[in-house]
Amino acid sequence: MFRTVEMPIWALVLLLVFAAVTFASHFLFPSVRWFFRKRAERLVARLNIRLKRPIQPFKLARRTDTINRLIHDPAVAQAVIDFARERGIPEDVAYETARRYAREIVPGFSALLYFGIAMKLARWTSRSLYRVRVSGEEEALAAIDPKATVIYVLNHRSNMDYVLVTWLAARQTALAYAVGEWARRWPLGPLIRALGGYFVRRKDLNSLYRKVLARYVQIATANGVTQAVFPEGRLSRDGALQPAKLGILSYIIDDHDPARDVVFVPVAVNYERVLEDRVLIAADQDVTRSVGLRWYTVARYVWRHAQLRLTGRFTRFGYAAVSFGRPISLHRFLWQGRTDAAADLGTALLERIDEVLPVLPLALVCEALAQGARDVAVVAAHLERRSEYFRDTGHPVYHALRAPRDTAMVALRMLEVRKAITLTDDRITIPDPWLPVIQYYARTLPTPEIPET
Ligand SMILES: CCCCCCCCCCCCCCCC(=O)SCCNC(=O)CCNC(=O)[C@H](O)C(C)(C)COP(=O)(O)OP(=O)(O)OC[C@H]1O[C@@H](n2cnc3c(N)ncnc32)[C@H](O)[C@@H]1OP(=O)(O)O
Ligand SMILES: O=P(O)(O)OC[C@H](O)CO
């Protein structure tokens, strides 16, 4: 018992490492986890007093519990059996596939990360890049039944959309986004999950995957989780609004329980400078239409941006405007009787986004240029006329300065800084490679009304 034992140093080190790991996993990690859990619970309790729409217990459940709940859902269990039969594979293999899908989809949520860090970062990023303007938020949200599940429905212009809108919504609630498979890569994947985003695949979908995704969306909706969806399903490549993808909307409709209404809040976003504009335009001209954004392109951009800031040469990218439209109550929408509710809802939501799409000076200037104006006075006259028109049709119209010529000049200077135009006295020249950019911004204006014949 008390005899001395000799052992090589490497074996002693190994022994100590094992002992340390065992100690940490049995005593330290649980208490550290418990410590953070307690802190998070206290934070959630405080937040839920302040937030208009408190964070739902479902969102705070442990990720493994939600995954188990999802794969033991009766509809998923049936889909597992059907999938196994369809593919001629054993049921336990199909079951494992369903579990893999559930693990891929289900998020966790860290209130500490979301409200403590991400929202501060989102506010700083939004404000330091843009002059942020918001309209219609109070009116849109005031009349919504507090028991209803709210789904924010946004047009997709830029990766800034969710940064901006999540920060703006943080006074009301935490948003859970449907996030494309592009963000599954490390380190984005775990980060987005911890911010409550659930992953969706946009291609290679099979019946089992669809069922797992559909049930996740339905269970979250039934449990009151406030969500955010980009119905266009991807970034607009040409600046115009795209037709709605109906997947998520149809899942929500299919499981609608009149006892808990679902209210869709249209949110329209526009920028005077979309950070990815040229990448999107290039994607629009590519056969695959995929965005060729590489990490080193982003790193180079961030580096140049940092240089501009450090040398005090950075000026903000003009306006970023967010506007809230008229909400749609699903209960009332379905009550009106529909043959294709998903298609009708998708169209109605995009129309309501279009209805409140913010009108920014740079877009009006680009519209004039795209129509052939090459003189500052003509551009200014166009801006004045079109601003009035859009104001009359109920769109939020933003002007930095009152005089149309001054407003037009601010936008023209922004284009000049990018070398998208040259200004000689009052004459404007557009180098050919920049024409698509001018047309892109012109298309960010609300959809022109089709004249009656
Ligand atoms: C600095 C600090 C930052 C802080 C910040 C914090 C925020 C931290 C979060 C990050 C946030 C990131 C945010 C990323 C933003 C994106 O990644 S956007 C891209 C991902 N999101 C989306 O795509 C959402 C909208 N998309 C959908 O709903 C898609 O439809 C789906 C679900 C992905 C499926 O894809 P799909 O197959 O292309 O879908 P679709 O053609 O619409 O049809 C699917 C189903 O719809 C149904 N359907 C279709 N048409 C109809 C119809 N007419 N009637 C009835 N049903 C129909 C059917 O059930 C159909 O299934 P089948 O019966 O054919 O099998
Ligand atoms: O536009 P995509 O298809 O590249 O999807 C990327 C995401 O929508 C960006 O948020």
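When a ligand or atom number is given, it counts from 1 through the structure's own listing order. Here, residue 1 is the first one in the sequence, and each next residue gets the next number.
- Between Met119 and ligand 1, no pair of N/O atoms sits closer than 3.5 Å.
- With respect to atom 35 (O) of ligand 1, the closest heavy atom belonging to the protein is Leu205 CD1, 3.7 Å.
- Atoms CD1 and CG, on Ile353 and Leu349 in that order, are 6.5 Å from each other to the nearest 0.5 Å.
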Handout entry: Residues Glu276, Asn159; criterion side chain to side chain donor-acceptor pair (under 3.5 Å); working and verdict
Key = CA-CA 8 Å; Glu276 314 87 332; Asn159 281 290; 3.0 Å; yes
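- In the candidate list Tyr114, Trp124, Tyr162, Tyr162 is nearest to atom 5 (C) of ligand 1, counting heavy atoms.
- In this structure, atom 24 (C) of ligand 1 lies nearest to the protein heavy atom Phe230 O, 3.4 Å.
- Judged as a salt bridge (Lys or Arg N to Asp or Glu O under 4.0 Å), and not counting sequence neighbours, the contacts of Arg184 are Glu104.
- Remark: among candidates Gly247, Ala178, Ala342, the nearest residue to atom 40 (P) of ligand 1 is Gly247, based on non-hydrogen atoms.
- Heavy atoms of other residues, nucleotides or ligands lying less than 6.0 angstrom from CZ of Arg332 number 12 at most.
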List, pair by pair, the atoms of ligand 2 and of the protein that are both N or O and lie under 3.5 Å apart, giving the separation rounded to 0.1 Å.
from, atom 1, to, atom 2, distance (Å)
ligand 2, 1 (O), Leu235, N, 2.9
ligand 2, 1 (O), Arg237, NH1, 2.9
ligand 2, 3 (O), Arg202, NH1, 3.0
ligand 2, 5 (O), Arg202, NH1, 3.1
ligand 2, 5 (O), Arg202, NH2, 3.4
ligand 2, 8 (O), His156, NE2, 3.1
ligand 2, 10 (O), His156, NE2, 2.9
ligand 2, 10 (O), Asn159, OD1, 3.0

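- Closest to atom 16 (C) of ligand 1 by heavy atom, among Gly197, Pro107, Gly180, Ser126, is Gly180.
- With a 4.0 Å heavy-atom cut-off, ligand 1 is reached by the backbone of Ile248 and by its side chain too.
- Residue contact check: His156 has heavy atoms under 4.0 Å from atoms 15 (C), 18 (S) of ligand 1.
- The single protein non-hydrogen atom nearest to atom 14 (C) of ligand 1 is Trp182 CZ2, 3.7 Å, given as residue, atom name and distance.
- Counting heavy atoms closer than 4.0 Å to ligand 1, residue Tyr177 contributes side-chain atoms (C-beta onward) but none from N, CA, C or O.
- In this structure, atom 50 (N) of ligand 1 has protein heavy atoms in its sub-4.0 angstrom surroundings.
- Of the N and O atoms on the side chains of Arg304 and Gln307, not one donor lies less than 3.5 Å from an acceptor on the other residue.
- Among all heavy-atom pairs drawn from Pro361 and Glu272, the shortest one is CD-OE2, 3.6 Å.
- A pairwise comparison of heavy atoms in Leu168 and Glu137 identifies O-OE2, 3.7 Å as the closest pair.
- Contact atoms of ligand 1 toward Asp340: 52 (C), 53 (N), 54 (N), 55 (C) (distance under 4.0 Å to a heavy atom of the residue).
- Judged by the 6.0 Å and 45° rule, Arg131 forms a cation-pi pair with Tyr319.
- The protein heavy-atom contact nearest to atom 59 (O) of ligand 1 is Ser250 OG, 3.8 Å.
- Using the six-membered ring where Trp is involved, Tyr271 and Tyr130 have ring planes that are tilted, between 30° and 60° apart.
- Nearest heavy atom pair, residue Leu213 against residue Phe199, reads CD1-O, 4.2 Å.
- Among all heavy-atom pairs drawn from Ile328 and Phe333, the shortest one is CG2-CD1, 3.8 Å.
- Heavy atoms of Arg201 found under 4.0 angstrom from ligand 1 belong exclusively to the backbone.
- Atom 38 (O) of ligand 1 has Lys245 NZ, 3.3 Å as its closest protein atom, hydrogens excluded (heavy atom only).
- Relative orientation of the Tyr95 and His72 rings is tilted, given thresholds of 30° and 60° on the angle between their planes.
- Considering every non-hydrogen atom in both Arg309 and Trp124, the closest pair reads NH1-CZ2, 4.5 Å.
- Summary of contacts: the protein heavy atom closest to atom 8 (C) of ligand 1 is Leu195 CD1, 3.8 Å.
- For atom 65 (O) of ligand 1, the closest non-hydrogen atom on the protein side is Arg210 NE, 2.8 Å.
- Judged purely by distance below 3.5 Å, without hydrogens or angles, the side chains of His331 and Ser329 never pair a donor atom with an acceptor atom.
- Glu355 and Arg352 are not joined by a salt bridge, as no carboxylate oxygen comes within less than 4.0 angstrom of a charged side-chain nitrogen.
- Ligand 1 places these atoms under 4.0 Å from at least one heavy atom of Gly233: 19 (C), 22 (C), 23 (O).
- Nearest to atom 2 (C) of ligand 1 among the protein's heavy atoms is Ala118 O, 3.8 Å.
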